[in-house]
Amino acid sequence: MSIVKINVLTVPAEQREVLEQRFASRAGAVEGSDGFEWFELLRPVEGTDQYLVYTRWRSEEDFQNWMNGSMKAAHQGGGEGGERPKPAASGSTLWSFEVVQQASPK
């Protein structure tokens, strides 16, 4: 079965819009990756400043290939004038899970 990676991003309130705009402008960046199955950016509703970036992959190998390939290249690029923009998140933690059961609507 698939694996799930959840990147937990701590995002100050004043950076929420910046983070969401950056994810919106990257649309399509991961979707063509071999083994990619699903993406969701989850905005906190109350009680936390942590966004969840949910991705599902066919295998750990597919995820690692993406991390070491196109994701790494995308995050090394510079902004205008060759400088990278200031990160919108002040912290990041990666959670990993194996899918052991799943269901879809009937």
Side-chain angles (χ1 to χ4, degrees):
M1 283 225 184
S2 304
I3 62 149
V4 170
K5 300 292 182 172
I6 300 174
N7 194 0
V8 183
L9 302 175
T10 302
V11 182
E14 66 275 8
Q15 290 293 96
R16 284 180 161 203
E17 187 175 332
V18 171
L19 179 89
E20 291 179 22
Q21 287 176 351
R22 287 182 184 168
F23 270 93
S25 68
R26 54 113 319 265
V30 70
E31 287 86 334
S33 299
D34 190 40
F36 170 80
E37 295 178 352
W38 197 259
F39 162 85
E40 291 178 326
L41 175 63
L42 306 176
R43 176 193 304 138
V45 177
E46 60 183 306
T48 186
D49 60 354
Q50 295 180 314
Y51 277 69
L52 301 180
V53 182
Y54 173 100
T55 57
R56 190 175 68 218
W57 298 85
R58 177 179 55 208
S59 70
E60 179 68 26
E61 181 181 13
D62 290 322
F63 172 74
Q64 290 301 325
N65 287 340
W66 173 74
M67 283 284 292
N68 294 319
S70 61
M71 193 286 296
K72 186 175 183 179
H75 284 83
Q76 288 178 341
E80 290 183 28
E83 293 184 25
R84 293 186 66 204
K86 178 184 172 198
S90 63
S92 173
T93 303
L94 184 64
W95 296 343
S96 298
F97 299 88
E98 293 178 325
V99 176
V100 293
Q101 293 183 26
Q102 62 186 15
S104 59
K106 294 184 181 206

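Reckoned from all heavy atoms, side chains included, excluding hydrogens, waters and symmetry mates.
- To the nearest 0.5 Å, atom OG of residue Ser33 and atom CZ of residue Arg58 are 11.0 Å apart.
- Note: the hydrophobic cluster containing Phe97 does not contain Leu9 (ILVMFWY, side chain heavy atoms under 4.5 Å, direct or indirect links).
- A distance of 8.0 Å separates CG of Asn65 from CG of Asp34, quoted to the nearest 0.5 Å.
- Transitive grouping of hydrophobic side chains (ILVMFWY, heavy atoms separated by less than 4.5 Å) keeps Leu94 and Leu42 in distinct clusters.
- When all heavy atoms of Arg56 and Ser2 are compared, the closest pair comes out as CG-CB, 3.6 Å.
- Between Arg43 and Glu20, at least one side-chain nitrogen of the basic residue sits less than 4.0 Å from a carboxylate oxygen of the acidic one, meeting the salt-bridge criterion.
- Between Pro12 and Ala88, the shortest heavy-atom distance links the atoms CD-O, 3.6 Å.
- Using modelled atom types, one finds a donor on one side chain and an acceptor on the other under 3.5 Å when comparing Glu40 with Trp38.
- Side-chain heavy atoms closer than 4.5 Å link hydrophobic residues (I, L, V, M, F, W, Y) into clusters, and following such links, even through other members, never connects Leu52 to Val18.
- Phe36 and Trp57 have their aromatic ring centers within a separation under 6.0 angstrom.
- Ring-plane geometry between Phe39 and Phe23 is classed as parallel, the angle between the planes falling under 30 degrees on a 0 to 90 degree scale with a further cut at 60.
- Identified under the side chain to side chain donor-acceptor pair (under 3.5 Å) test for residues 92-104, with sequence neighbours left out: Lys5-Ser96, Asn7-Ser92.
- Linking ILVMFWY side-chain heavy atoms closer than 4.5 Å, directly or via other members, places Val53 and Ile3 in a single hydrophobic cluster.
- Grouping the Ile, Leu, Val, Met, Phe, Trp and Tyr side chains by contacts below 4.5 angstrom, directly or via other members, places Val8 with Tyr54.
- Looking only at distances, a side-chain donor or acceptor of Ser59 sits under 3.5 Å from a matching main-chain atom of Asp62.
- Note that OG1 of Thr10 is 13.0 Å distant from CD of Gln15, once rounded to the nearest 0.5 Å.
- Atom CD of Gln64 sits in a crowded spot, with more than 12 heavy atoms from other residues, nucleotides or ligands closer than 6.0 Å.
- Applying the 6.0 Å contact sphere to CD of Glu61 captures no more than 12 heavy atoms from other residues, nucleotides or ligands.
- Using a 4.0 Å cut-off between a side-chain N of Lys or Arg and a carboxylate O of Asp or Glu, Arg16 and Asp49 do not qualify as a salt bridge.
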